[in-house]
Participant: 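I have a structure here, written as structure tokens, and I will follow up with some questions on it.
Starting from 1, each residue takes its place in the sequence as its number.
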Amino acid sequence: MRATCEIIVDLKDGKEVPYEELKIACLMQSSIIYFYQQDTKALLQGGLSAALKKQMEYSDPKTSSEKRGIPSWYWKAIKKDPTEWLGESRIPGTKEWGKMHGISMNVLNKAMNHHDSEKIRIQEDVNMEDKIKPGYHWECKYCDYTRGVPYPDEPDFIVCGRCGAEWEDCKIQVPNELEY
């Protein structure tokens, strides 16, 4: 395959570029943007990391320019065959990509399942808090009023009917008084 810079030049010149080359060049540019973001982050943080980055990536005048913000790796990347630069594991549809994508999806699914189960557990805890114990009633902890009412113009926002405190924050369970 041609170098990424050759594919881009043809695109800019209005020439037809085969779909596969276009796809790989797009993936390559995405990779380049990622590396630029990482470099920018390191340079903005300053310190030793920035000094090392400048020394490693901007010291060769043939392949880099600190003034123009072009690191050596960029020069090497656009001159190289994009399939070589990316590697098979980063090109969708390849066997290696399928393996890596499968591993990534498994990790993501485990994280999402853990997140979902934690969310359900928290929701169950919240639901338990809303249940009233037998022989108890809700009461405002500030004014002892026993009802929450919708706030004007915001029907989903419930406040104490007497003092106006947010009902979810002020309600407490109080034992019913025995009547004689």
Side-chain angles (χ1 to χ4, degrees), residues 19 22-54 56-58 69-71 73-74 77 82 85-180:
Y19 173 77
L22 190 59
K23 179 176 95 171
I24 296 297
C26 186
L27 290 170
M28 181 70 171
Q29 290 298 88
S30 176
S31 175
I32 287 171
I33 289 169
Y34 172 79
F35 283 115
Y36 261 122
Q37 288 171 333
Q38 297 307 307
D39 278 3
T40 302
K41 187 167 46 173
L43 292 168
L44 289 173
Q45 286 174 347
L48 183 60
S49 176
L52 286 171
K53 182 68 64 184
K54 283 183 181 179
M56 289 173 29
E57 299 296 345
Y58 295 91
I70 300 173
W73 64 259
Y74 175 78
W85 173 264
L86 291 170
E88 294 292 315
S89 65
R90 291 188 187 92
I91 300 173
T94 63
K95 188 176 177 182
E96 290 78 7
W97 177 85
K99 280 190 226 174
M100 293 305 292
H101 184 68
I103 291 169
S104 298
M105 292 308 293
N106 284 338
V107 170
L108 176 65
N109 288 335
K110 282 183 181 180
M112 293 304 292
N113 288 340
H114 175 73
H115 174 73
D116 289 344
S117 65
E118 186 66 14
K119 203 165 136 183
I120 289 168
R121 188 192 63 74
I122 290 169
Q123 187 61 44
E124 287 170 352
D125 290 349
V126 168
N127 290 342
M128 288 303 290
E129 289 174 7
D130 283 345
K131 292 184 180 174
I132 193 88
K133 298 176 195 171
Y136 283 74
H137 65 276
W138 293 117
E139 204 172 270
C140 175
K141 65 183 173 184
Y142 303 115
C143 71
D144 300 332
Y145 197 67
T146 58
R147 279 190 310 152
V149 296
Y151 189 77
D153 299 326
E154 291 186 49
D156 294 336
F157 186 63
I158 308 298
V159 296
C160 173
R162 181 180 292 153
C163 71
E166 187 175 342
W167 189 246
E168 286 302 313
D169 290 340
C170 73
K171 71 179 182 179
I172 56 172
Q173 290 190 26
V174 177
N176 294 336
E177 295 175 4
L178 296 175
E179 293 184 27
Y180 296 101

Participant: Any chance you could measure Lys171, atom NZ, to Tyr145, atom OH, to the nearest 0.5 Å?
Facilitator: 16.0 Å
Participant: Is the shortest heavy-atom distance from the side chain of Tyr58 to the side chain of Pro71 under 4.5 Å?
Facilitator: yes
Participant: For Tyr142 versus Cys170, what's the shortest heavy-atom pair and its separation?
Facilitator: CE1-CB, 3.5 Å
Participant: How far does CD of Glu139 sit from CD1 of Ile172, to the nearest 0.5 angstrom?
Facilitator: 6.0 Å
Participant: Say you draw a straight line from SG of Cys160 to CH2 of Trp138; how long is it, rounded to the nearest 0.5 Å?
Facilitator: 13.5 Å
Participant: Under the side-chain contact (heavy atoms from CB on, under 4.5 Å) rule, collect the residues that match up with Val149, sequence neighbours excluded.
Facilitator: Val159
Participant: What are the two closest non-hydrogen atoms of Pro175 and Tyr136, and how far apart are they?
Facilitator: N-CD2, 3.4 Å
Participant: Rounded to the nearest 0.5 Å, what separation is found between the NE2 atom of His137 and the CD atom of Glu177?
Facilitator: 7.0 Å
Participant: Ile24 and Leu86: which non-hydrogen atoms are nearest, and at how many Å?
Facilitator: O-CD1, 4.1 Å
Participant: Can I get a per-line list of side-chain donor-acceptor pairs under 3.5 Å for residues 27-39, giving both atom names and the distance, sequence neighbours left out?
Facilitator:
from, atom 1, to, atom 2, distance (Å)
Tyr36, OH, Gly69, O, 3.3
Asp39, OD1, Lys53, NZ, 3.0
Asp39, OD2, Trp73, NE1, 2.7

Participant: Do you know which two heavy atoms are closest between Arg162 and Cys143, and how far apart they sit?
Facilitator: NH1-O, 2.9 Å
Participant: Of the non-hydrogen atoms in Thr146 and Trp167, which two are nearest, and what is the gap between them?
Facilitator: C-CH2, 4.0 Å
Participant: Shortest non-hydrogen contact from Pro92 to Lys23?
Facilitator: O-NZ, 3.9 Å
Participant: May I ask you to decide whether Lys54 forms a salt bridge with Glu57, counting only side-chain N to carboxylate O separations under 4.0 Å?
Facilitator: no
Participant: Rounded to the nearest 0.5 Å, what's the gap from NZ on Lys141 to SG on Cys163? Could you check?
Facilitator: 10.5 Å
Participant: Assess whether atom OH of Tyr151 is packed by more than 12 heavy atoms of other residues, nucleotides or ligands within 6.0 Å.
Facilitator: no
Participant: For His101, which residues count as a ring-ring contact (aromatic ring centres under 6.0 Å, His included) partner, sequence neighbours excluded?
Facilitator: Trp97
